[in-house]
2 protein chains.
Amino acid sequence: MVTTTAARDTDLASALVQAMHRLQDIHAETSRPLGLTPQQAHLLCVLIGGPEGMTDLSRILSIERSSLTSMVDRLERRSLVARIPSPGDRRACRIELTPDGLTLAHQAHDAVVDRINTLTAHLPPTTRHAVTTALQSITG
Amino acid sequence: MVTTTAARDTDLASALVQAMHRLQDIHAETSRPLGLTPQQAHLLCVLIGGPEGMTDLSRILSIERSSLTSMVDRLERRSLVARIPSPGDRRACRIELTPDGLTLAHQAHDAVVDRINTLTAHLPPTTRHAVTTALQSITG
DNA sequence: TATTGTTATACTCTATAACTATA
DNA sequence: TATAGTTATAGAGTATAACAATA
């Protein structure tokens, strides 16, 4: 019994890890033709929800603020994002999508979602719902 | 109806993307204390299954062979992997875990699996099985 | 003093192009 | 000619430590 349970645990964990790698590949494959690294695509997609400060963004993306500074520099040079002064705190700034950035962000978002929808098209509604709920419960 | 279906599709795709990001973070967090980048941990864990040639490894990891050369160089310097001559083809080599590399590979593997098992501990067996099957069907 | 963001520095990851050696 | 792997090069991602400006 213990063996059976342990084996099932490993199966779920392995399936999640394998799926993660596959999704990472898909993310890279869909970002690339748009001229974006997966990390850049992630950043742009986060900003679809609205401007964010550097500290918040670094937390959302799980990277150091200094790493984020470089990323924002590169995206700002390409006019995909802009640093806007933060009203009420002269130390802070808000990172905002430019019109071009917004367009690209939507393209990047749609591209991954489309690929994933194709990949999961065969799953019946009940399964889709169960998987969605389960994943949301571990994502927090 | 169309709206409902489309919304459900987006939910599954979004849940998968969010889960991917969360798992990437976990992968990074568990690798780091072992002195490994997530990519290095991935490489070492693949080699648990046995030695692989550079071309096969690059395909498995979805990176160019030249990128892999650098990674193997760094791991070889730390005596975690070794380049073994390939019997029967003097152009080729096989990448193999050293004893230290094998130990570390297992530690890295167990660390992620443990974290994921903790994260998914609340899911009932039926759900675990459904999710595992669904994920395996998209991982191919 | 604490916080926001940047700079300086050093590695790692990655791709492209050109190359060597062997098949 | 084709394949296995490497070298050279350039750019991107990342962390740590030290710093400036503001709160």
Side-chain angles (χ1 to χ4, degrees), chain A residues 21 24-25 27-46 51-78 80-96 104 108, chain B residues 21 24-46 51-78 80-96 108:
Chain A
H21 287 309
Q24 277 182 270
D25 289 350
H27 192 209
E29 288 165 16
T30 53
S31 303
R32 198 182 223 303
L34 298 174
L36 297 173
T37 64
Q39 293 87 351
Q40 291 173 332
H42 190 188
L43 196 165
L44 295 185
C45 287
V46 165
E52 295 282 356
M54 292 293 284
T55 298
D56 286 343
L57 252 188
S58 73
R59 185 179 37 72
I60 295 170
L61 299 177
S62 304
I63 60 177
E64 292 297 318
R65 278 172 312 174
S66 62
S67 307
L68 182 57
T69 295
S70 323
M71 288 192 64
V72 171
D73 284 348
R74 285 184 287 269
L75 292 170
E76 195 174 32
R77 264 182 246 128
R78 295 166 62 184
L80 296 175
V81 304
R83 285 177 166 91
I84 308 294
S86 179
D89 188 340
R90 292 193 319 200
R91 294 171 303 178
C93 65
R94 320 262 297 166
I95 312 304
E96 191 179 67
L104 202 50
Chain B
H21 287 310
Q24 277 182 270
D25 289 350
I26 289 174
H27 192 209
E29 288 164 16
T30 54
S31 304
R32 199 181 222 301
L34 299 173
L36 297 172
T37 64
Q39 293 86 352
Q40 291 173 332
H42 190 188
L43 196 164
L44 295 185
C45 287
V46 165
E52 294 281 357
M54 293 293 286
T55 299
D56 286 343
L57 253 188
S58 73
R59 185 180 36 73
I60 295 170
L61 299 177
S62 304
I63 60 177
E64 292 297 318
R65 278 173 312 176
S66 63
S67 307
L68 182 56
T69 295
S70 324
M71 289 194 63
V72 171
D73 284 347
R74 285 185 286 270
L75 292 171
E76 195 174 32
R77 265 182 245 128
R78 296 167 61 183
L80 297 175
V81 304
R83 285 176 165 92
I84 308 294
S86 179
D89 188 339
R90 292 194 319 200
R91 293 171 303 180
C93 65
R94 320 263 295 166
I95 312 303
E96 190 179 67

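Just so you know, these numbers use all the heavy atoms, side chains as well, and skip hydrogens, waters and symmetry mates.
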Indicate, with a heavy-atom threshold strictly under 4.0 Å, whether [X] touches base, sugar-phosphate, or nothing.
{"X": "B/Thr69", "value": "base"}
{"X": "B/Arg94", "value": "nothing"}
{"X": "B/Ser86", "value": "nothing"}

Reading nucleotides 17-23 of chain D 5' to 3', which nucleotides get B (base under 4.0 Å from a protein heavy atom), which S (sugar-phosphate only), which -?
B---BBS
Would you tell me if any nitrogen or oxygen in the side chain of A/Ser67 comes within less than 4.0 Å of OP1 or OP2 on D/dA15?
yes
For [X] and [N], what is the distance between atoms [atom1] and [atom2] respectively, to the nearest whole Å?
{"X": "B/Ile63", "N": "D/dG5", "atom1": "CD1", "atom2": "P", "value": "13 Å"}
{"X": "A/His42", "N": "D/dG13", "atom1": "NE2", "atom2": "P", "value": "13 Å"}
{"X": "B/Glu76", "N": "D/dG5", "atom1": "CD", "atom2": "C1'", "value": "13 Å"}
{"X": "A/Leu44", "N": "D/dG13", "atom1": "CG", "atom2": "P", "value": "11 Å"}
{"X": "B/Met54", "N": "D/dT6", "atom1": "CE", "atom2": "C1'", "value": "8 Å"}

Side-chain contact test, heavy atoms from C-beta onward, threshold under 4.5 Å: evaluate it for [X] versus [Y] and give yes or no.
{"X": "A/Val81", "Y": "A/Met71", "answer": "no"}
{"X": "A/Arg78", "Y": "A/Leu36", "answer": "yes"}
{"X": "B/Leu68", "Y": "B/Ile95", "answer": "no"}
{"X": "B/Asp73", "Y": "B/Arg77", "answer": "yes"}
{"X": "B/Gln24", "Y": "B/His21", "answer": "yes"}
{"X": "B/Ser70", "Y": "B/Arg74", "answer": "yes"}

Please list, in numerical order, the residues of residues 25-33 of chain B that have a heavy atom closer than 4.0 Å to any atom of DNA chain C.
none
Quick check for you: name the first and last nucleotides of DNA chain C, 5' to 3', having an atom under 4.0 Å from a heavy atom of chain A.
C/dA2 to C/dT16
Output every pair passing side chain to side chain donor-acceptor pair (under 3.5 Å) with a member in residues 85-96 of chain A, not counting sequence neighbours, ordered by first then second residue.
A/Asp89-A/Arg91
All salt bridge (charged side-chain N to carboxylate O under 4.0 Å, His left out) counterparts of [X], not counting sequence neighbours:
{"X": "A/Asp56", "value": "A/Arg59"}
{"X": "A/Glu76", "value": "A/Arg83"}
{"X": "A/Glu29", "value": "A/Arg115"}

In chain order, what residues pass the side-chain contact (heavy atoms from CB on, under 4.5 Å) check against [X], with sequence neighbours excluded?
{"X": "B/Ser66", "value": "B/Glu64"}
{"X": "A/Arg32", "value": "none"}
{"X": "B/Ala28", "value": "B/Pro38"}

Using the side chain to side chain donor-acceptor pair (under 3.5 Å) criterion, which residues pair with B/Ser62? Sequence neighbours excluded.
A/Asp25
Which protein N or O atoms sit under 3.5 Å from an N or O of nucleotides 10-12 of chain D?
none

